[in-house]
Amino acid sequence: MGYKTIIEDDIDILVAGAGLGGTGAAFEARYWGKDKKIVIAEKANIDRSGAVAQGLYAINCYMGTRFGENNPEDHVRYARIDLMGMVREDLAFDMARHVDSAVHQFEEWGLPIMRNTKTGAYLREGRWQIMIHGESYKPIVAEAAKKSADKVFNRVCVTHLLMDESKENRVAGAVGFNVRTGNYHVFKSKTVICGAGGASNIFKPRSVGEGAGRVWYAPWSSGSAYGLMIEAGAKMTQMENRIVLARFKDGYGPVGAYFLHLKTYTQNAYGEEYESKWFPALQEMVGKEYLDPEVSHRTHRPIPTCLRNHAIINEVNAGRGPIHMVTMEAFQDPHLEEIGWHNFLGMTVGQAVLWAATDVDPKYENPELTTSEPYVMGSHATGCGAWCSGPEDVSPDEYFWGYNRMTTIEGLFGAGDAVGGTPHAFSSGSFTEGRLAAKAACKYIDDGKAAGIRVTDAQINRRREEIYKPMETYRVYSNEVVAGSVNPNFINPRQGLDRLQKLMDEYCGGFGVNYMTNDKLLHIGLKKMAILGEDLDMVAASDVHELLRAWELKHRFLTSESVFQHTLFRKETRWPGYYYRGDAMKLDDANWHVLTVSRRDPKTGEYTMEKAPLYHLVGDVEKKPAE
Amino acid sequence: MPTFVYMTRCDGCGQCVDICPSDIMHIDKGLRRAYNIEPNMCWECYSCVKACPHHAIDVRGYADFAPLGHSVRVHRDEEKGTIAWRIKFRNGKKDMELLAPITTKPWGTCIPQLSEAAAPANDMRNSQLLFNEPKYVRMDEGGLHTLESNGLEIKEGVQY
Ligand SMILES: Cc1cc2nc3c(=O)[nH]c(=O)nc-3n(C[C@H](O)[C@H](O)[C@H](O)COP(=O)(O)OP(=O)(O)OC[C@H]3O[C@@H](n4cnc5c(N)ncnc54)[C@H](O)[C@@H]3O)c2cc1C
Ligand code: SF4
Ligand code: SF4
């Protein structure tokens, strides 16, 4: 294969994946590292890449301290309750105290943020969310990143991290290939900020056939942030904490603005309120501390997202589905009707297309809701990701090893979905985490921590061979059969993805089994995963585009394996409505009020699991009265 | 919904190829026009639709759940800073036009060039502050929030 090897040397900060986290990192790095070489490697085009490619209609994480609205610790407490206690509160506090400054800059850069005409404050959708006209959110933050970076490599899929050969467990850059030219790219760098995003499409989606791209998180969210870090031996946390979304059926259009701003609500197929009747039994499962509808009714305390899912799942199983969103009242107001549609056009156009195609006019008909297949990510109502150091002025010893947002691999930082234990960061929080990581990475370099990095040609050549192996496999074996996609020697990436999704669905708690699993299923699943892993050595790619799909699949596979291991380790049902351990149906604070931490040994592929203590912010009293 | 390209409108300029986040808009070598090579990896994100200078790309709802006969069209204008949508229902009963701003500033002009910003002083480096903070956090009472300033402790154990 005549692909060129292109080496980019002497990089100080390599941003691997430039979505919301990565653009924040590249932008901020220039301030702290005026003379540093900042390079971006992005598998798509930075102007429209990642989860925010089609835009957003809301910024879901904004304190509004300037308007006297919230303090960072209020947000931490909210995230804690929503995630059933499992949050890295040092990281969450740190994100929350900086996030407003990111949002204020977005507005200055031109992002249209709606205002409350009476108060002058940003227009609130809910306590944490503000409304924006965000069709161009991604191009705007991309512009900021491009102004700061020395070089942007679009269309380079990063496949592996490079590791330093003079000091163990230290990063030295990354490698990948250009998905158009096929060229091999080597980035030698003192630090890497991984912003390669979360994972869709690892559990079997509800959509089938042509519609398989209709997933809630973008189909290009390939779990690469996890794949890259796990492969290199970084410790991961809370990977069992996959998320299931209650969304409009088929289109997966967002419901936040509908609930919070349009004040729509849900009911079962027979027009009845259904949630409250599932709560007494649910309270027995999780305890009154986590579910107390009365207190939630009186105060700001939210009912955790997963528990609301639980009510939907059970109501549907009881034969009273589908669940409907009652829009017919709100949509009589033409202004609210317009907002309802804009909300989709700004971030999930497909939902508007679907309603147009099926003649669903929410003014005259209450649309259906459904629970999605699970997703693995770390910035929404879930906190999967790498085990990272917190800021020195907040973190306890167990959570601190020198540099903010640095993983357990020296010089490797994370942002956004890549960082574990930090749910409810969303777009603005992910961008903020990128900024925090960038400052810390500059300090790491200035402290001399990256001195003497050595990468041999042997490592570079070994990775090159590995990257193109799927094309070599195709070349060698494809002519053995007359034509078609069935070959006894290999599978193609789509076939591998189908197998992975089916496995995850059936053994790890997908929608097909009502999100249920147990220790036996998980053990069988892991056995089958090991064999799939062997087959993935024989995944074949007929061209460079398919090579991209092959590597996305490998990253999804590593992510999935970690989800399996974590789900097996946490022997309790912590988040009913996200998944259930049939052999341990209760929440168990006596044994499992901990964070789960894993490490995959890069040499053997063996997993070790441990429990890490949970620290909470205390001493605060909610200063604001309930609304 | 997966995209498709009208034969008579596409001139093969490649803008859609350049932007598609899923890498699925490719140029057909024989016809020298673009097409969607992998509809089941399309997110109906409309990035290509918005980018096409000839409005040659449209979407047809996913075959597994969307009936034929609808239309959602878009025109995005960076200079005017607006995006215009038109939604037509299958039964013809609804035909909506919606307009939204995409930026409040002339495109790209208000983003700072940080290489030209004043360098941070050492005490700032050693603080928890980021670029343009605390000004941009706009805490009326001054600095950045800390455990101390907010009367907090971080404690191990079970806490609800
Ligand atoms: C439908 C939907 C609605 C949402 N609604 C809101 C909302 O209303 N408000 C809000 O604040 N947030 C919302 N979010 C969440 C928000 O989009 C995410 O929290 C945020 O984008 C996460 O940032 P990230 O940088 O971790 O990942 P991303 O923004 O997804 O960025 C990941 C980047 O890495 C790149 N990449 C991936 N793999 C590789 C690789 N192997 N090599 C190189 N590059 C790679 C990708 O192309 C991408 O650019 C929503 C998300 C979705 C999908
Ligand atoms: S952008 Fe439009 S005209 Fe250009 S190649 Fe794509 S479809 Fe054709
Ligand atoms: S709609 Fe989005 S994913 Fe689909 S082809 Fe266009 S740019 Fe690609």
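Within every chain, numbering begins at 1; the chains are lettered A, B, ... in the order of the sequence lines, protein sequences first and strands thereafter.
The two residues A:Arg66 and B:Val137 make their nearest non-hydrogen contact at CB-O, 4.4 Å. Contact record, A:Trp216 with B:Trp43: O-CZ2, 3.2 Å, taken as the closest heavy-atom pair. The shortest heavy-atom contact between B:Lys88 and A:Ala356 is O-CB, 3.6 Å.
Taking A:Ala218, A:Pro396, A:Pro613 one by one and counting their heavy-atom pairs under 4.5 Å with chain B, the maximum is reached by A:Ala218. Counting heavy-atom pairs closer than 4.5 Å to chain B, the top-ranked of the candidates A:Ser148, A:Gly110, A:Ala44, A:Ala144 is A:Gly110. For the set A:Leu548, A:Val594, A:Asp446, A:Val349, the entry with the most heavy-atom pairs within less than 4.5 Å of chain B is A:Val349. Contact count versus chain B (heavy atoms, under 4.5 Å) is highest, among A:Ala352, A:Ala212, A:Ala438, for A:Ala212.
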Should A:Val353 and B:His70 be marked as a side chain to side chain contact (heavy atoms under 4.5 Å, CB included) after you check the CA-CA gap, both sets of side-chain angles, and the distance that decides it? CA-CA 7 Å; A:Val353 178; B:His70 56 276; 3.5 Å; yes
Is there a side chain to side chain contact (heavy atoms under 4.5 Å, CB included) between A:Leu436 and B:Leu130? Walk through the geometry before answering. CA-CA 7 Å; A:Leu436 292 166; B:Leu130 294 175; 3.9 Å; yes
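Using non-hydrogen atoms only and a strict 4.5 Å limit, the part of residues 117-129 of chain B facing chain A consists of B:Ala117, B:Ala118, B:Ala119, B:Pro120, B:Met124, B:Arg125, B:Asn126, B:Ser127, B:Gln128, B:Leu129. Residues of residues 21-30 of chain B having a heavy atom under 4.5 Å from any heavy atom of chain A, listed by number: B:Pro21, B:Ser22, B:Asp23, B:Ile24, B:His26.
At least one donor-acceptor pair under 3.5 Å links the side chain of A:Glu28 to the backbone N or O of B:Phe131. In this structure, the side chain of A:Arg48 does not engage the main chain of B:Tyr46 through any donor-acceptor pair within 3.5 Å.
Neither the backbone nor the side chain of B:Lys93 comes within contact range of chain A, judged by heavy atoms closer than 4.5 Å. For a residue to count as touching a neighbouring chain, one of its non-hydrogen atoms must lie under 4.5 Å from one of that chain's; by this rule B:Val17 touches chain A with backbone and side chain alike. In this structure, no portion of B:Pro106 lies under 4.5 Å from any heavy atom of chain A. Only the side chain of B:Glu133 comes within contact range of chain A, with at least one heavy atom under 4.5 Å from a heavy atom of that chain.
Contact annotation: the side chain of B:Arg90 approaches that of A:Asp359 to within less than 4.5 Å [non-hydrogen atoms, C-beta and beyond]. A heavy-atom distance below 4.5 Å is found between the side chains of A:Ser136 and B:Arg76.
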